[in-house]
Visitor: 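For reference, the structure I am asking about is given below.
Labels below follow one simple rule: chain letters A, B, ... track the order of the sequence lines, proteins then strands, and each chain is numbered from 1.
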2 protein chains.
Amino acid sequence: MKRKEKILEIALQMFNERGVSEVGVREIARALSISVGNLSYHFPKKEDIILALVNRLSSQNNQHYQHYHLQPASLNHFLQLLANIFSNQFDHRGILIGNAELKHIYSTIFDYQITLQKRVQGFELIYQNLQKANHLTLSEADLQHLISLTTLYARFWLHEAFIDHVSMSKNSLIEKYMKVWSYQLSIFATEEGKASLGEYWENVHE
Amino acid sequence: MKRKEKILEIALQMFNERGVSEVGVREIARALSISVGNLSYHFPKKEDIILALVNRLSSQNNQHYQHYHLQPASLNHFLQLLANIFSNQFDHRGILIGNAELKHIYSTIFDYQITLQKRVQGFELIYQNLQKANHLTLSEADLQHLISLTTLYARFWLHEAFIDHVSMSKNSLIEKYMKVWSYQLSIFATEEGKASLGEYWENVHE
DNA sequence: GTCTATATATGGATAGAC
DNA sequence: GTCTATCCATATATAGAC
């Protein structure tokens, strides 16, 4: 089992550096000092490697969501959740960006439409609870708007970051994109909510 | 010259349907009823085809920007500009989505950082003029926020659309994503600005 | 589990005749 | 401009020794 994990680790590193389509199975095997045959024993197809990495990303994100819901709803905690997800996405950037096979892979793992629905419903629940906690003030239209923008932003900030700001560090990038979203949330935040956003940024800069 | 254009037209159509990486030069040649050698005569590398399509997209978008600036600044005209750009992007979706080579292509055509700067400055100018025209009320922070979100949204709505809503028609998709952005603009719009947004949607539904 | 070797397929790119 | 034929690289997949 150790070997499979090592393969995933090295493969992800190479995908991150050069992109999925630019990395061949021979190169992965060489980087691991094993043979192609051996690699094929563990992951018969290259897609199986990507699949395993996608699953890992997905399950890690789910853990972050679950952890969030154990806490009282607050914009501070919500930003922490986003930062964790952003960090996780960054670490898997190789398989999330410019990956033509990804769509096909998603359709093989699960019903993608259901995944999307769950994502939307997840943010809906979070925002509704933030409203109940008196951190946000949202009309129904505001809520739907925020959900639409959130689902897009939380997925594609990484694409822009990776294309436009290659030279920036992981932490700088996450901070940059978190600040934009924090600002967007502050538009709909109560005074209590704004204070909670402030708490997040105080903790970040310690 | 006729032949080159025909190649671009068919290639783009195939890229849109199946993605750049899934379409081979042999298939393009077959669809055109010419030989691979002949195709290579016009475009020595597959990348040259993509490059030509990227340039076409870029120059068409520039024309839309120029046309916008000939008109008085208004949110109505700005939405029209966005709709034109969205439409153009949709038509070139094959080369904009899931295209691992795109980043490399951009770096070969021009200094990409300068292109980015121009894009940001372009939106800055547009928003500043909309403020002068009394359609938007923006603090400096609002302005920067809106620019950040715009540059991201105007590029990646297409990715989300293509991944999540494959079955929707071009017009429905553009309307869906335009509505979200219209709502975002309305947050910062004056009464006059909101009326101008309303004008746009009246004309759309005629 | 791991190796070497090889079969098979497919993709991009090119050489040279017409 | 257009063709045919071929080269070269890479991916999957498998056989069989250790």
Visitor: Sub-3.5 Å donor-acceptor pair from the side chain of His64(B) to the main-chain atoms of Ile85(B), do we have one?
Guide: no
Visitor: Mind listing the residues from residues 24-35 of chain B sitting with a heavy atom below 4.0 Å of DNA chain C? Number order is fine.
Guide: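 Residues of residues 24-35 of chain B under 4.0 Å from DNA chain C: Gly24(B), Val25(B), Arg26(B).
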Visitor: Can you say whether the rings of Phe86(A) and Trp157(A) are parallel (under 30°), tilted (30 to 60°) or perpendicular (over 60°)?
Guide: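 Ring orientation, 0 to 90° scale: parallel.
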Visitor: Please check if the distance between the ring centroids of Phe156(A) and Tyr153(B) is under 6.0 Å.
Guide: no
Visitor: Please step through salt bridge (Lys or Arg N to Asp or Glu O under 4.0 Å) for the pair Asp164(B) and Arg155(A), ending with a clear verdict.
Guide: CA-CA 12 Å; Asp164(B) 296 357; Arg155(A) 285 161 79 194; 2.7 Å; yes
Visitor: Tell me whether Lys6(A) is salt-bridged to Glu9(A), with the criterion being a basic N under 4.0 Å from an acidic carboxylate O.
Guide: yes
Visitor: Okay, side chain of Lys176(A), backbone of Ala161(A): is any donor-acceptor separation there less than 3.5 Å?
Guide: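 No.
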Visitor: Under a 3.5 Å distance rule, please check whether Thr151(A) uses its side chain to pair with a backbone N or O of Ile147(A) as donor and acceptor.
Guide: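 Present.
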Visitor: Within the distance-only criterion (no hydrogens, no angle test), does the side chain of Gln89(B) pair as donor or acceptor with the backbone N or O of Ala154(B) below 3.5 angstrom?
Guide: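 Yes: the side chain of Gln89(B) pairs with the backbone of Ala154(B).
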Visitor: Which residues within residues 8-21 of chain A lie with some heavy atom under 4.0 Å of an atom in DNA chain D?
Guide: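 When residues 8-21 of chain A is checked for heavy atoms under 4.0 Å from DNA chain D, there are no hits whatsoever.
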Visitor: Using heavy atoms and a sub-4.0 Å distance, could you list which residues of residues 38-47 of chain A are near DNA chain D? By number, please.
Guide: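 Only Pro44(A), Lys45(A), Lys46(A) qualify.
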Visitor: Just by distance, do the side chain of Arg119(A) and the backbone of Leu116(A) share a donor-acceptor pair under 3.5 Å?
Guide: no
Visitor: Checking the side chain of Asn203(A) only, and the main-chain atoms of Tyr200(A) only, is there a donor and an acceptor separated by less than 3.5 Å?
Guide: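 No; judged by distance alone, with no hydrogens or angles, the pair does not exist.
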